[in-house]
Amino acid sequence: MNAPPPEAKKDFRDEELLASVIADLIGDARHVAVGNASPIPALASLLARERGKGTPYVSLLGSPKHTFFTDGGRELFDCAGQGRIDVFFLSGGEIDGEGNVNLVSIGEYEHPTARFPGSFGSSYLYYVVPKVILFRTEHSKRTLVPRVSFISAPGGSPDNVHRTGGPVGLITNRCFFSFDRQRKRFKLASIHPGHTLAEVIVNTGFEFDRPPDVPETRAPSPETLRLMRETVAPELAEVYPQFAARVFGIGKSA
Amino acid sequence: MNAPPPEAKKDFRDEELLASVIADLIGDARHVAVGNASPIPALASLLARERGKGTPYVSLLGSPKHTFFTDGGRELFDCAGQGRIDVFFLSGGEIDGEGNVNLVSIGEYEHPTARFPGSFGSSYLYYVVPKVILFRTEHSKRTLVPRVSFISAPGGSPDNVHRTGGPVGLITNRCFFSFDRQRKRFKLASIHPGHTLAEVIVNTGFEFDRPPDVPETRAPSPETLRLMRETVAPELAEVYPQFAARVFGIGKSA
Amino acid sequence: MPMIARTLDDALSAIADGCLLAVPRESTGVGMAATRALIRRGIKRLSLVALPTSSLQADLLIGAGCVETLETSAVSLGEFGLAPRFTAAVMAGTIRMKDATCPALHAAFQASEKGVPFMPLRGLIGSDVLDHRPDWVVMNNPFGNNDPIVLLPAIKPDVTLFHAPMADRAGNIWIGRQRELVTMAHASAKTVVTVEKIHEGNLLDDPQLAAGTLPGFYVESVAVVERGCWPLPLPEHYPWDGEHLKEYAKLAATEEGFASYLERYVYERAAA
Amino acid sequence: MPMIARTLDDALSAIADGCLLAVPRESTGVGMAATRALIRRGIKRLSLVALPTSSLQADLLIGAGCVETLETSAVSLGEFGLAPRFTAAVMAGTIRMKDATCPALHAAFQASEKGVPFMPLRGLIGSDVLDHRPDWVVMNNPFGNNDPIVLLPAIKPDVTLFHAPMADRAGNIWIGRQRELVTMAHASAKTVVTVEKIHEGNLLDDPQLAAGTLPGFYVESVAVVERGCWPLPLPEHYPWDGEHLKEYAKLAATEEGFASYLERYVYERAAA
């Protein structure tokens, strides 16, 4: 309804669109935790909190000011194990069509052809956080692959494996895929304004489901844009000053 | 050598004798922990520390001033599990000849005829503290029994059970028994001045080994008595004021 | 977000009949005013778990008929003797007792804190404590060789209740070095706290205070009750009331005496 | 009793070639001055375990040839990119890598802290992290039904090394809310600490400071090194030195550049 007509000039930035989609996904969560170096998920989470008048509680890891943790580095994971983190974000050097993420290496594990930093907390959090939102701005056959070289954390597990969490979807710079946990497959849910189905198909290395007509990703409403720009962006600037300056022009004169 | 001749008038109090025996048992430990409401073991531990010029480290539980713990109630047990507590003291409503201690109840567990407070940490610490000194001032057939009604913690364990600790001896108001872990039996090591073998035998409910000639418990040396009275007792008074007043006359005028 | 309750009873509304209620040992900050309020309310069928021991609090709740099951390592009045109502109830068989040992309770709370179904613990093997706990399991340590070890299932309380020196208006609680309170809150679905006073300003904003703070994130409700541990101590604030505990020990030795204690010190609101 | 060392090298004497050395993540207080001193000393064959991640510290030690085995969940320079010497060493196969995940490392240190041989952890099943860890075991949860769970063996470091805001003369260390440092010290045979300054008076005597204090009981040696984390941050004291890290990332991209970095910033004592 609010979507601009096709080919209309966008009155929002890509980052704002992605944050808006993510904020909708967060829904009525009580606690969202955002990993280090994740400005768009952080923007989305603060937007969700603003809309929810303080709910969800948002923890921005790496920012002592925006986390309540006082029990050391384990508290995040203990908190997730207690069922007290509802939404988390993961990315991956590679992500495949079953929702497996690879944060370790490409090629043989003992003789890799590329090495990433490592799995961080993914091999645990992916299992115990109900809504994990996969996030990879680079949408290419290099990143979205048929099968990851190394599974840092699998997209799904057999029924008898304790699993209270997993992927709800994957957002890229081109589109949003929802994830069907039963079928262990992504489904193309919407294509971002300015992008095309053909472009998504040719740049995706894994197979995915799609409806006969793929909707366009809903653009952020004027009210959402206003909230993001006027209220959320200044808060975000305390944690991500460079991002806030680039996207929102905040603090540029400072 | 320093023992007074038999029947000589004692120039020390019973508490001083027991503390002196315990201090010798503590030996070259690095860390002695003393449970709540244990003034004689506390006196002995502080005496050992004074003799060792600061070694062992002495933790008097229940006294925030005399414990270093900052990680909550679990730290004592974690510390023991790390092998960082060398000596601890245990008592029991009942103690039997195999070194089993009962801190729970007498009679059938579901329908006891007597109930004690409970096992506290004994069911763990007895296994992991190398030197556990059993301590029961009331030496009678009621307390030293053939077989405890309830094993809060056993004196010994099968070889394949992880056990780095256990009893080294039992001190009472009448005598000191050493404990032989291989034979799982007590041996009468010495009888306190003023007490007799016949008296020990008639008041002990369990069987024990004894040498042909049982020595008298070595009386505290004048130097030990001086240290206890002049240096240790004032320190002890901060934690056990009533005991220090009764035994050493400290703070009576306060 | 935690509720800073207007009354103690409001703060305690999360503690329902029949719940699994966790309380700390006597030297850590026992919510005694809250305990008296629960007895006045007539709370029933509690499964009480005292980490790792209890004194007056368990004895009062048991004597007043509020407790169905008790899990702890010991109940005693310390230098004031045995806990008379606890002792009488165990001997009469009117409460179900789950005898434990201190580190087992600490570990079982940590299991819940970490979201794992169990924790291993050394010791215990060959004890009657283990023999009377069908809910504990002995397995072979897979990293050892014929090496039996006990596994303790996680304890997941419905509510943890304690008393602390202060809270701020965001519901952050300063607990100092009494860190089992943090583990208890993490392990429990809800945490209810009484405090001596409200700290103006956010406890998490001061690095020194933050180090000893339980975040309000884990807290359900807070009420201000001065001397909320009385007659038990609040570390570094006030000691035991020895005279009162002596009186309690004497009165609670008989059912009649205990009833008169309740009348005088619990039901009489002014004394709460 | 801890030694308050006269020199940094004296304090580091407990860290021997071939030892299992534990270090904290970059935001917790990394002993960077100590790390440079160890490289200058020519330390070799370290088994390094970073709880749960590392950045410049692991990269420097690896580049300087000090590391034989590395266990961690990730090594990266964060916003300054991949850790170049780590990446090169893994690809060249010159270090043995034990890839983990953050909570597994926390749990394995807690196992050592508690004196148990292992800790259970959810997650992991079906991952290649688990597949490449023959030292981790999958068993059936005895409290469940056909419910596999991973057991992690305890990690028992020979030495833990970190930097903290202050120590007192008894060797007590103020660590604030960086509580993994406490667990690391408990889990390790020895703990070596560098601090910004000496606090006059005993940290344990002040209830507020005590809440954030690691007791000297666990500490082997302490040395005062101002800005001991540089160019990494010390929380609430100083931030990253971004310019320096940018320079490092650029230089360390090649072996030659890394050698010149070492020459300029590590072997040149004035810069330490």
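Below, read A as the first sequence line, B as the second, and so on, with proteins coming before strands; counting in each chain starts at 1. Since the model is a prediction, treat every value here as computed from it, not as a measurement.
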Can you confirm whether C/Ile149 sits close enough to B/His162 that some side-chain heavy atom of one is under 4.5 Å from a side-chain heavy atom of the other?
no
Residue part contacting chain C, namely of B/Thr164, when any heavy atom lies under 4.5 Å
neither
Taking everything shown except C/Glu255 itself, do over 12 heavy atoms lie less than 6.0 Å from its CD?
no
Which bit of B/Asn36 is near chain C, if near means a heavy-atom gap under 4.5 Å: side chain, backbone, both or neither?
neither
Could you tell me which of B/Gly73, B/Pro112, B/Pro154, B/Gly121 has the largest number of non-hydrogen atom pairs under 4.5 Å with chain C?
B/Gly73
Spacing of OG belonging to B/Ser152 relative to CG belonging to C/Asp128, to within rounding of 0.5 Å
8.0 Å
Note: B/Tyr127 and C/Ile125 closest approach over all heavy atoms is OH-O, 2.5 Å
Is the count of non-hydrogen atoms from other residues, nucleotides or ligands lying under 6.0 Å from C/His237 atom NE2 greater than 12?
yes
Heavy atoms of B/Phe116 and C/Phe86 approach each other most closely as O-CE2, 3.9 Å
Which portion of C/Ala107 sits near chain B, non-hydrogen atoms under 4.5 angstrom
neither
Classify the side-chain pair C/Asp99/B/Tyr109 by whether it contains a donor and acceptor separated by less than 3.5 Å.
yes
How long is the span from the CD1 atom in B/Ile151 to the CG atom in C/Leu130, to the nearest 0.5 Å?
11.0 Å
Side-chain contact test, heavy atoms from C-beta onward, threshold under 4.5 Å: evaluate it for B/Tyr124 versus C/Leu121 and give yes or no.
yes
Count the heavy atoms belonging to other residues, nucleotides or ligands that lie under 6.0 Å from NZ of C/Lys156, then report whether that count exceeds 12.
no
Output the option from C/Met97, C/Arg96, C/Glu79, C/Glu26 having the highest count of non-hydrogen pairs under 4.5 Å with chain B.
C/Met97
What part of B/Ser105 gets closer than 4.5 Å to chain C, counting heavy atoms only: side chain, backbone, both or neither?
neither
As an exercise, state the distance from CG of B/Asn100 to OG of C/Ser127, rounded to the nearest 0.5 Å.
10.5 Å
C/Gln110 vs B/Arg74 side-chain heavy atoms within contact, under 4.5 Å
yes
Between atom CZ of C/Arg122 and atom CG of B/Leu125, what is the distance when rounded to the nearest 0.5 Å?
15.0 Å
Can you say whether C/Ser27 sits under 4.5 Å from chain B via the side chain, the backbone, both, or neither, judging by heavy atoms?
neither
For the CG atom on C/Asn145, are there more than 12 heavy atoms of other groups (residues, nucleotides or ligands in this structure) within a distance under 6.0 Å?
no
Checking heavy atoms, do the side chain of C/Leu82, its backbone, both or neither come under 4.5 Å from chain B?
side chain
Other residues, nucleotides, ligands: >12 heavy atoms within 6.0 Å of C/Asp135 CG
yes
With rounding to the nearest 0.5 Å, note down the distance linking CG in B/Asn160 to CG in C/Asn141.
11.5 Å
B/Phe69 versus chain C, the contacting section by heavy-atom distance below 4.5 Å:
backbone
Within the 4.5 Å heavy-atom criterion, are B/Val161 and C/Pro148 side-chain neighbours or not?
yes
Check whether B/Ala114 gets within reach of chain C through its side chain, its backbone, both or neither, counting any heavy atom under 4.5 Å.
backbone
In short, C/Met91 meets B/Thr113 closest at the heavy-atom pair CE-O, 3.0 Å
Is there a side chain to side chain contact (heavy atoms under 4.5 Å, CB included) between B/Phe120 and C/Thr101? Walk through the geometry before answering.
CA-CA 5 Å; B/Phe120 292 96; C/Thr101 186; over 6 Å; no
So which residue, B/Pro117, B/Gly72, B/Gly118, ends up with the most heavy-atom pairs under 4.5 Å with chain C?
B/Pro117
What one should report as the nearest heavy-atom pair of B/Phe77 and C/Cys102 is CZ-CB, 3.3 Å
Closest non-hydrogen atom pair between B/Ser119 and C/Val129, with its separation:
OG-CG2, 3.4 Å
Any side-chain heavy-atom pair from B/Glu75 and C/Arg179 closer than 4.5 angstrom?
no
Which region of C/Phe109, side chain (C-beta onward) or backbone (N, CA, C, O), has a non-hydrogen atom less than 4.5 Å from a non-hydrogen atom of chain B, or is it both or neither?
neither
